[in-house]
Amino acid sequence: MKDKIQLLRKKGVVLTIQRLAVLNYLQEQGSHPTAEEIHRALRSHYPTLSLATVYNTLETLKQAGLVSELVVGKEKRFDLAEESHHHFHCRVCGRIYDVPVQCSVAAQGTIDGHAVETVQALFIGVCADCVRSAQQVEDCRPYRCAVCGWVYDPARGNDTPGTPFSRLPEDWCCKVCGAARDRFVPVEVTLLKRRTSEGDSSN
């Protein structure tokens with residue numbers, strides 16, 4: 001933080017309590033917050049701090065090269081302008097992660113004769129935590145035989161206790177009617193189809 005304070009002074013930017021608070025928050029959180037989130041987090045310590053002041057502070061710090069602005073969808077998020085890096089946005093949980101990717105264009109500083117000042121790349125997908133959570137849900141999901149209705153439930157321990165349906169052998173079959181594995185569907189899908197058919201029959 002000392003180097004950032006020195007840089008502020010070097011650029012002739014007056015060091016205020018608000019500017020230092022915003023810088024500290026961005027450094028401590030690393031969550032790429034919006035201006036509104038920064039305001040909510042700081043106003044308990046600085047009751048007179050307005051949202052307009054936060055916006056003005058972020059703009060000043062951005063112009064000084066200490067803060068970078070990242071546009072995700074319709075939101076503007078803010079990050080400390082440290083080493084050049086890209087970002088990964090999880091479309092499931094919404095979190096944003098720094099990605100240490102080297103960019104040849106940024107290193108070169110020009111492209112087709114154009115002077116490059118900043119480079120921003122946003123990767124969108126599913127983060128590792130959400131992938132693991134989805135896999136855990138899938139591992140516990142029961143499957144119903146579309147032929148006879150028998151349910152394979154890993155949690156119940158029938159047939160092959162604790163084995164997720166996706167990890168059953170290819171030649172595995174229904175223990176009641178002998179239907180192949182590909183005749184099984186997730187219980188949620190089965191219930192949804194049943195509700196839909198019941199709704200159609202009532203019309």
Side-chain angles (χ1 to χ4, degrees), residues 1 4 18-46 49-62 65-106 118-144 151-156 162-168 184-196:
M1 185 56 69
K4 292 178 175 57
Q18 292 89 342
R19 290 168 185 170
L20 187 58
V22 170
L23 278 174
N24 277 327
Y25 182 78
L26 289 174
Q27 186 171 50
E28 291 170 1
Q29 296 299 314
S31 57
H32 308 81
T34 62
E36 290 78 6
E37 289 170 342
I38 296 172
H39 179 241
R40 284 196 298 270
L42 295 180
R43 67 182 176 182
S44 60
H45 298 287
Y46 307 94
L49 181 67
S50 67
L51 180 58
T53 299
V54 172
Y55 271 112
N56 292 335
T57 298
L58 288 167
E59 183 61 29
T60 299
L61 295 174
K62 189 174 73 171
L66 293 176
V67 168
S68 60
E69 182 181 284
L70 175 67
V71 178
V72 180
K74 296 182 179 180
E75 288 185 326
K76 289 184 179 180
R77 294 179 170 271
F78 298 90
D79 189 17
L80 285 181
E82 298 177 310
E83 266 184 43
S84 178
H85 61 275
H86 299 326
H87 296 91
F88 180 93
H89 177 227
C90 178
R91 61 177 177 78
V92 178
C93 67
R95 282 180 292 184
I96 299 173
Y97 301 87
D98 290 342
V99 180
V101 176
Q102 296 298 320
C103 177
S104 59
V105 174
T118 60
V119 176
Q120 287 191 352
L122 180 65
F123 300 94
I124 300 174
V126 182
C127 72
D129 288 344
C130 289
V131 168
R132 282 192 293 269
S133 295
Q135 186 58 56
Q136 288 170 359
V137 170
E138 179 60 33
D139 287 350
C140 297
R141 178 179 293 181
Y143 277 69
R144 184 184 300 276
V151 174
Y152 174 81
D153 188 351
R156 193 180 299 167
T163 303
F165 186 84
S166 60
R167 300 180 192 175
L168 291 173
F184 278 71
V185 294
V187 168
E188 293 84 353
V189 174
T190 303
L191 293 177
L192 178 61
K193 288 181 178 178
R194 181 179 299 172
R195 292 194 189 101
T196 302

Got a second to check how far [X]'s [atom1] is from [Y]'s [atom2], nearest 0.5 Å?
{"X": "Arg141", "Y": "Gln136", "atom1": "CZ", "atom2": "CD", "result": "13.5 Å"}
{"X": "Leu49", "Y": "Arg40", "atom1": "CG", "atom2": "CZ", "result": "13.0 Å"}
{"X": "Tyr55", "Y": "Thr34", "atom1": "OH", "atom2": "OG1", "result": "7.0 Å"}
{"X": "Thr60", "Y": "Arg19", "atom1": "OG1", "atom2": "CZ", "result": "4.5 Å"}

With a 4.5 Å heavy-atom cut-off, do [X] and [Y] have their side chains touching?
{"X": "Arg144", "Y": "Phe184", "result": "no"}
{"X": "Cys127", "Y": "Arg95", "result": "yes"}
{"X": "Thr57", "Y": "Val22", "result": "yes"}
{"X": "Leu26", "Y": "Pro33", "result": "yes"}
{"X": "Glu75", "Y": "Leu70", "result": "no"}
{"X": "Ile96", "Y": "Arg77", "result": "yes"}
{"X": "Tyr46", "Y": "Gln18", "result": "no"}
{"X": "Leu58", "Y": "Ile38", "result": "yes"}

Should Val67 and Glu59 be marked as a side-chain contact (heavy atoms from CB on, under 4.5 Å) after you check the CA-CA gap, both sets of side-chain angles, and the distance that decides it?
CA-CA 8 Å; Val67 168; Glu59 183 61 29; over 6 Å; no
Distance-minimising heavy-atom pair for [X] and [Y]:
{"X": "Ser68", "Y": "Leu80", "result": "OG-O, 4.2 Å"}
{"X": "Val126", "Y": "Phe88", "result": "N-CZ, 3.6 Å"}
{"X": "Leu122", "Y": "Val71", "result": "CD2-O, 4.2 Å"}

Residues at least two apart in sequence or cross-chain that pass salt bridge (charged side-chain N to carboxylate O under 4.0 Å, His left out) with Asp98, listed by chain then number, are none
Listed once per pair and sorted, the ring-ring contact (aromatic ring centres under 6.0 Å, His included) pairs that draw on residues 22-42, sequence neighbours left out
His32-His87
Would you say Gln27's side chain and Asn24's backbone share a donor-acceptor pair under 3.5 angstrom?
no
Taking it one step at a time, do Leu61 and Leu23 satisfy side-chain contact (heavy atoms from CB on, under 4.5 Å)?
CA-CA 8 Å; Leu61 295 174; Leu23 278 174; 3.9 Å; yes
Between the side chains of Thr53 and Ser50, is a donor N or O closer than 3.5 angstrom to an acceptor N or O?
yes
Distance-only donor-acceptor check, side chains Asp139 and Gln135, under 3.5 Å
yes
Can you confirm whether or not the ring centre of Tyr152 sits under 6.0 Å from the ring centre of Tyr143?
no
